[in-house]
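Presented below is the structure to which this report refers.
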Amino acid sequence: QVQLVESGGGLVQAGGSLRLSCAASGRTFSTYGMGWFRQAPGKEREFVAFITWSGDITSHANSVKGRFTISRDNAKNTVYLQMNILKAEDTAVYYCAARQFAGKLTRPDDYDYWGQGTQVTVSS
């Protein structure tokens with residue numbers, strides 16, 4: 001089992017940057033594929049980015065491609081989401097999620113573990 005805790009959210013102006021972190025407990029973090037999702041008020045949770053256990057394969061949603069970058073540091077049991085050129089439409093609660101030995105997974109139902117979320121608000 002793994003527990004996930006997100007941090008790094010906040011209020012930022014459009015065009016600015018934030019880096020989200022997701023710290024994981026447990027000794028088997030390096031065996032988990034990790035995803036970032038977001039959910040805006042009144043909308044469904046949507047896929048943002050994914051990274052394999054080794055970090056050699058990543059995938060980003062078209063809406064964030066070229067602006068957001070997912071990465072991980074297995075020595076620190078942490079996955080990151082660097083968000084640049086933020087837009088008002090990026091405003092949402094951002095969640096990290098984990099599934100052991102996962103290939104690319106883009107549906108929320110595919111993941112077994114979730115963090116509590118961190119709020120990102122982009123002012124225009």
Side-chain angles (χ1 to χ4, degrees):
Q1 190 170 358
V2 63
Q3 293 182 323
L4 306 173
V5 179
E6 302 96 335
S7 62
L11 174 63
V12 64
Q13 289 188 333
S17 298
L18 283 174
R19 188 176 81 156
L20 305 183
S21 298
C22 173
S25 65
R27 293 175 293 177
T28 59
F29 173 73
S30 62
T31 66
Y32 282 81
M34 300 295 296
W36 282 100
F37 289 77
R38 66 186 181 185
Q39 188 165 18
K43 295 188 176 181
E44 294 187 351
R45 194 167 296 190
E46 67 172 354
F47 169 76
V48 175
F50 168 81
I51 189 166
T52 54
W53 63 272
S54 62
D56 60 339
I57 298 174
T58 63
S59 178
H60 298 79
N62 287 335
S63 59
V64 306
K65 199 169 292 184
R67 300 188 297 122
F68 292 10
T69 303
I70 189 171
S71 63
R72 68 189 295 160
D73 185 340
N74 285 342
K76 296 182 177 179
N77 278 19
T78 302
V79 63
Y80 303 98
L81 185 68
Q82 178 66 45
M83 306 187 296
N84 298 327
I85 317 175
L86 282 160
K87 305 176 181 179
E89 52 262 44
D90 295 320
T91 295
V93 177
Y94 283 71
Y95 300 88
C96 67
R99 178 166 176 168
Q100 199 169 28
F101 306 124
K104 177 184 172 182
L105 299 173
T106 61
R107 300 183 308 164
D109 288 349
D110 291 330
Y111 288 82
D112 298 318
Y113 303 103
W114 291 85
Q116 83 291 347
T118 185
Q119 175 71 48
V120 171
T121 303
V122 184
S123 63
S124 57

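Here the structure is a predicted model, which is why all the values come from computation and not from measurement.
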TODO: Tell me yes or no: between the side chains of Thr31 and Gln100, is some donor less than 3.5 Å from an acceptor?
DONE: yes

Heavy-atom pair with the smallest gap, counting every atom of [X] and [Y]:
X: Ser124; Y: Ala88; value: CB-CB, 4.2 Å
X: Asn84; Y: Ser17; value: OD1-OG, 2.9 Å
X: Leu105; Y: Arg99; value: CD1-CD, 3.7 Å
X: Ala92; Y: Ala40; value: CB-N, 3.8 Å

Let me check something: do [X] and [Y] share a hydrophobic cluster, defined by ILVMFWY side-chain heavy atoms less than 4.5 Å apart, either directly or through other members?
X: Val48; Y: Tyr32; result: yes
X: Ile51; Y: Trp36; result: yes
X: Val12; Y: Val64; result: yes
X: Trp114; Y: Val79; result: no

TODO: Return the set of residues passing salt bridge (Lys or Arg N to Asp or Glu O under 4.0 Å) with Glu89 (not counting sequence neighbours), or none when no residue passes.
DONE: none

Task: salt bridge (Lys or Arg N to Asp or Glu O under 4.0 Å) against Asp73, all qualifying residues, sequence neighbours excluded - done: none

N/O donor-acceptor pair under 3.5 Å between [X] side chain and [Y] backbone:
X: Glu6; Y: Leu20; answer: no
X: Asn74; Y: Trp53; answer: yes
X: His60; Y: Gly66; answer: no

Residues which pass side-chain hydrogen bond (donor to acceptor under 3.5 Å, both in side chains) with [X], listed by chain and number, not counting sequence neighbours:
X: Asp56; result: Thr52, Ser54
X: Arg67; result: Asp90
X: Tyr94; result: Arg38

Rounded to the nearest 0.5 Å, how far does [atom2] of [Y] lie from [atom1] of [X]?
X: Ser30; Y: Arg72; atom1: OG; atom2: CZ; value: 7.5 Å
X: Gln82; Y: Ser21; atom1: CD; atom2: OG; value: 9.5 Å
X: Met83; Y: Arg19; atom1: CE; atom2: CZ; value: 11.5 Å
X: Asn77; Y: Gln3; atom1: CG; atom2: CD; value: 12.5 Å
X: Leu81; Y: Ser71; atom1: CG; atom2: OG; value: 8.5 Å
X: Tyr111; Y: Leu4; atom1: OH; atom2: CG; value: 11.5 Å

Task: Test applied, side-chain contact (heavy atoms from CB on, under 4.5 Å); reference residue, Val120; option that passes from Val93, Leu18, Thr91 - done: Leu18

- [ ] Could I get the full list of ring-ring contact (aromatic ring centres under 6.0 Å, His included) partners for Tyr95, not counting sequence neighbours?
- [x] none

Any side-chain heavy atom of [X] within less than 4.5 Å of one from [Y]?
X: Val2; Y: Thr28; result: no
X: Val122; Y: Lys87; result: no
X: Leu86; Y: Phe68; result: yes

Task: Cation-pi, Phe37 ring and Arg45 (6.0 angstrom, 45 degrees) - done: no

